[in-house]
Every structure is written in structure tokens, then in C-alpha cells.
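Read through the structure below, which is laid out as C-alpha cells, and then see the notes.
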Amino acid sequence: MHDPHDHAHDQGHDHGHDHGHSHGHAPPPDDPSFRSEQALAARALRLLLEEAGVLAPGEVARQIDRMDAITPALGAAVVARAWTDPGFKARLMATPAAACAEMGIDLQGTVLHVVENTASVHNMIVCTLCSCYPKTLLGIPPDWYKSFAYRSRAVIEPRSVLAEFGVTLPDGIEVRVHDSTADLRYLVLPARPAGTEGWSEERLAALVTRDSMIGTAVPAA
Amino acid sequence: MSARFRPGDAVRVTAERPAISVGRPHIRTPHYVRGQRGTVAEVMGPFRNPEGLAAGEDGLPKQVLYRVRFPQPQLWRGYAGPAGDTLEVEIYEHWLEPAHA
């Protein structure tokens, strides 16, 4: 069986922080009114792990809060810094974790790989095997990113998918799809829009959408 | 650990690895690139082998991970985009063999 979900291939370095579980649900996971079979099983497992000393009490809840606090604004700030500071951009491309650390961003072991959109290449990210995503930089992925339709179509017909997102690229631009199948997590560094000369980092960051960092959108001024 | 391949090298993804597949369902090499010829785009360094990690082992020895680039029209019959479109996949070294032109 090839489980399409999020599991063990990250063991050993980032313990699932980049996986596709949706934590955006309304009731907190330990809300006793949340009584699905899965919720009960998860609670039982957590209690057992706490009892065995594997998890500290509250550790799961703290990690969920931590993940929920990460939004695409973090990635947007990184992109805006790269647009305005060539030295930072070079460091971001070469040593992404160290560059993010300069901005106080802890990637928690994620091996980030930055791909830059240029006049000749447009990059687009997908994980066909599950839903690998740079969660420690962009937060929880959108539902469509985890959908079977996106995961299959993004590799087979990327330009049709892009068109549905409102992005039409001339044939002269190479569309390069990155299937995030293993240890790397990808960030698209979009091209800085024309007409933004002299803009502040804050103002630029507001142009950088989540989708533009996945490669399914292009920022515009 | 030294990498067997360098950027620009022509490689082929192994078509089948039954010794790995049987009882070891956790494989990060997508089916659609198995048996396909590509070019090494970048050498990403050694990582623990997910096939072992998923089975509760230590994933050692580490495997060098590559980003391998494939021409889209080669992967998909009837690919609708231009011939220059590409796709990159992360492949561990033990899934790669040299390809000759």
C-alpha cells in the first residue's frame, strides 16, 4: 500500500512539522466533546506517551499552537528581504536555514531549498507522494495543495493548472515543476514586480502571497 | 561521503527494486520517473534512507540525494506544453544508474 498521507519519511530530522495534517479545525484536539474514533484514539495515544515519559504534558498542544502561529507572512518577509538585499538573497539561495535565522526564523530542521523565478524559468511546487510543504516557513498548506487533483495534475499538465490559478505564461518561459518527494522543502522566490522601485520591505512583503511562494501565482504591484 | 554523480550527468532511474519494494512499501521514488532518463541538476548531500526509517530502522548508511531533471515531453505522452518544460524530482543515489547518450 502506498499511503498518500503524511508520515515517516521525515523521521530523524523534522518529525512531521512539514506534513499535511490540518490543525485548522475548530475544537482543540483535546476538547472532550471531540469524540470521533480518531480523536479518541489520538487522545489515548497521547496520554499513554505522556505516561511513559515520551511526551511532556502539554507538549502536543504547544506544538500545535506553534504551528498555527506560522503564517505565509513569514515567507513573504523573507522574499521581500531577498528582493531588497542582494547579499541576503545570495545567502538565502546558498544556505537557506542560516539566512532565515538572520531574520529570527527557526526552520526547526527543515532542509529548505529556494528556487528562483527568472525571465526564463517559472518554478512550481507539488508533492505527488503526500503533501510535503515548508510548514516552518509558510504554515499549514492550503487544502488544494493536498488534493489528489492538484498532486496529479501539477506534474502532468502544469500549464493548465497554472491557467486555472490565473497564471498564463508564454511558451518561451520554461515551466519547471518540483516534485517534493523526499528530504527537501521548497520555497519559490518570485520575481519582484516591475514598478516597485524604492518600495520598503514591508510594502513589498504585502505583495507576496502564499500561492506565489508555491508557484501557482505571480505577485503584481 | 562522496557522491557518485555530478551535476550534468545523464542518469537513469532504476525501473524496479523488488528487494527494496517487497515488504518495504515506503519508497520516495515516484512511479512515473522509474526507468526514465534524466540529468543531475544538483547534488544535495547525504540523508538517512527513508526506506529504512519508515521500517523503524536507523536509515543508515546515508544515501546521497540528488535533484534530477527530466524533460516533460519525455515523461508524458502527449504533453501539451512546450518542449522546454521540465520536472525535477529528488532521487536517492541507490535508485540511479549511469545513462549513456
Side-chain angles (χ1 to χ4, degrees), chain A residues 1-16 93-94 96 109 111-115 120-130 132 151-163 168-186 215, chain B residues 13 21 23-34 36 38-39 41-60 62-73 75-95:
Chain A
M1 185 190 99
H2 210 79
D3 188 335
H5 286 293
D6 323 296
H7 47 180
H9 66 282
D10 266 352
Q11 280 179 3
H13 69 97
D14 72 352
H15 293 285
M93 303 297 294
V111 185
L112 191 68
H113 183 70
V114 182
V115 289
S120 56
V121 177
H122 177 89
N123 296 282
M124 176 177 173
I125 313 304
V126 62
C127 173
T128 59
L129 296 183
C130 48
C132 298
R151 287 165 42 217
S152 49
R153 294 183 59 218
V155 287
I156 299 172
E157 43 171 349
R159 286 179 187 258
S160 306
V161 174
L162 286 173
T168 307
L169 299 168
D171 282 3
I173 293 183
E174 170 189 336
V175 170
R176 186 177 295 167
V177 177
H178 299 266
D179 192 354
S180 178
T181 49
D183 280 281
L184 309 179
R185 298 293 176 270
Y186 295 80
Chain B
V13 182
S21 311
R24 293 286 188 89
H26 193 86
I27 291 172
R28 305 306 299 179
T29 304
H31 280 273
Y32 69 85
V33 294
R34 295 190 196 174
Q36 293 282 349
T39 306
E42 196 172 347
V43 184
M44 304 311 300
F47 288 86
R48 287 176 187 251
N49 185 345
E51 291 153 10
L53 290 176
E57 298 164 5
D58 59 13
L60 300 174
K62 288 186 176 181
Q63 288 288 332
V64 174
L65 183 67
Y66 298 87
R67 287 187 12 261
V68 180
R69 189 173 299 168
F70 303 88
Q72 283 279 38
L75 293 179
W76 316 107
R77 199 167 297 144
Y79 180 73
D85 283 0
T86 58
L87 181 140
E88 287 187 9
V89 185
E90 292 161 57
I91 310 281
Y92 298 92
E93 188 167 279
H94 64 299
W95 279 89

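Any value given below was found using the heavy atoms of this structure, including those in side chains, with hydrogens, waters and symmetry copies removed. Naming: A, B, ... by sequence-line order, numbering from 1 per chain.
Taking 4.5 Å as the limit, every side-chain heavy atom of A:Val177 sits out of range of all side-chain heavy atoms of B:Glu88. Looking at heavy atoms from C-beta onward, B:Met44 lies out of side-chain contact with A:Asp183 at the 4.5 angstrom threshold.
Expressed to the nearest 0.5 Å, how far OG1 of A:Thr181 lies from CD1 of B:Ile91 amounts to 6.0 Å. For the atom pair CZ of B:Arg28 and OG of A:Ser180, the computed distance is 8.5 Å after rounding to the nearest 0.5 Å. Considering CG of A:Asp179 and OH of B:Tyr32, their distance stands at 3.5 Å, rounded to 0.5 Å. The structure places CD of A:Glu157 at 11.0 Å from CD of B:Gln72, a figure rounded to the nearest 0.5 Å.
At least one donor-acceptor pair under 3.5 Å links the side chain of B:Trp76 to the backbone N or O of A:Val155.
Between A:Leu184 and B:Phe47, the shortest heavy-atom distance links the atoms CD2-CZ, 4.2 Å.
If you tally non-hydrogen atom pairs under 4.5 Å between each of B:Gly59, B:Gly81, B:Pro30, B:Ala83 and chain A, the highest count goes to B:Pro30.
Side chains of A:Tyr186 and B:Glu90: a donor on one and an acceptor on the other come within 3.5 Å.
Proximity to chain A (any heavy atom under 4.5 Å) is shown, for B:Leu87, by both the backbone and the side chain. Looking at A:His113, the atoms closer than 4.5 Å to chain B (heavy atoms on both sides) all sit in the side chain, from C-beta outward.
Of the residues listed (A:Arg159, A:Arg176, A:His122), the one engaging B:Asp85 in a side chain to side chain contact (heavy atoms under 4.5 Å, CB included) is A:Arg159, and it is the only one.
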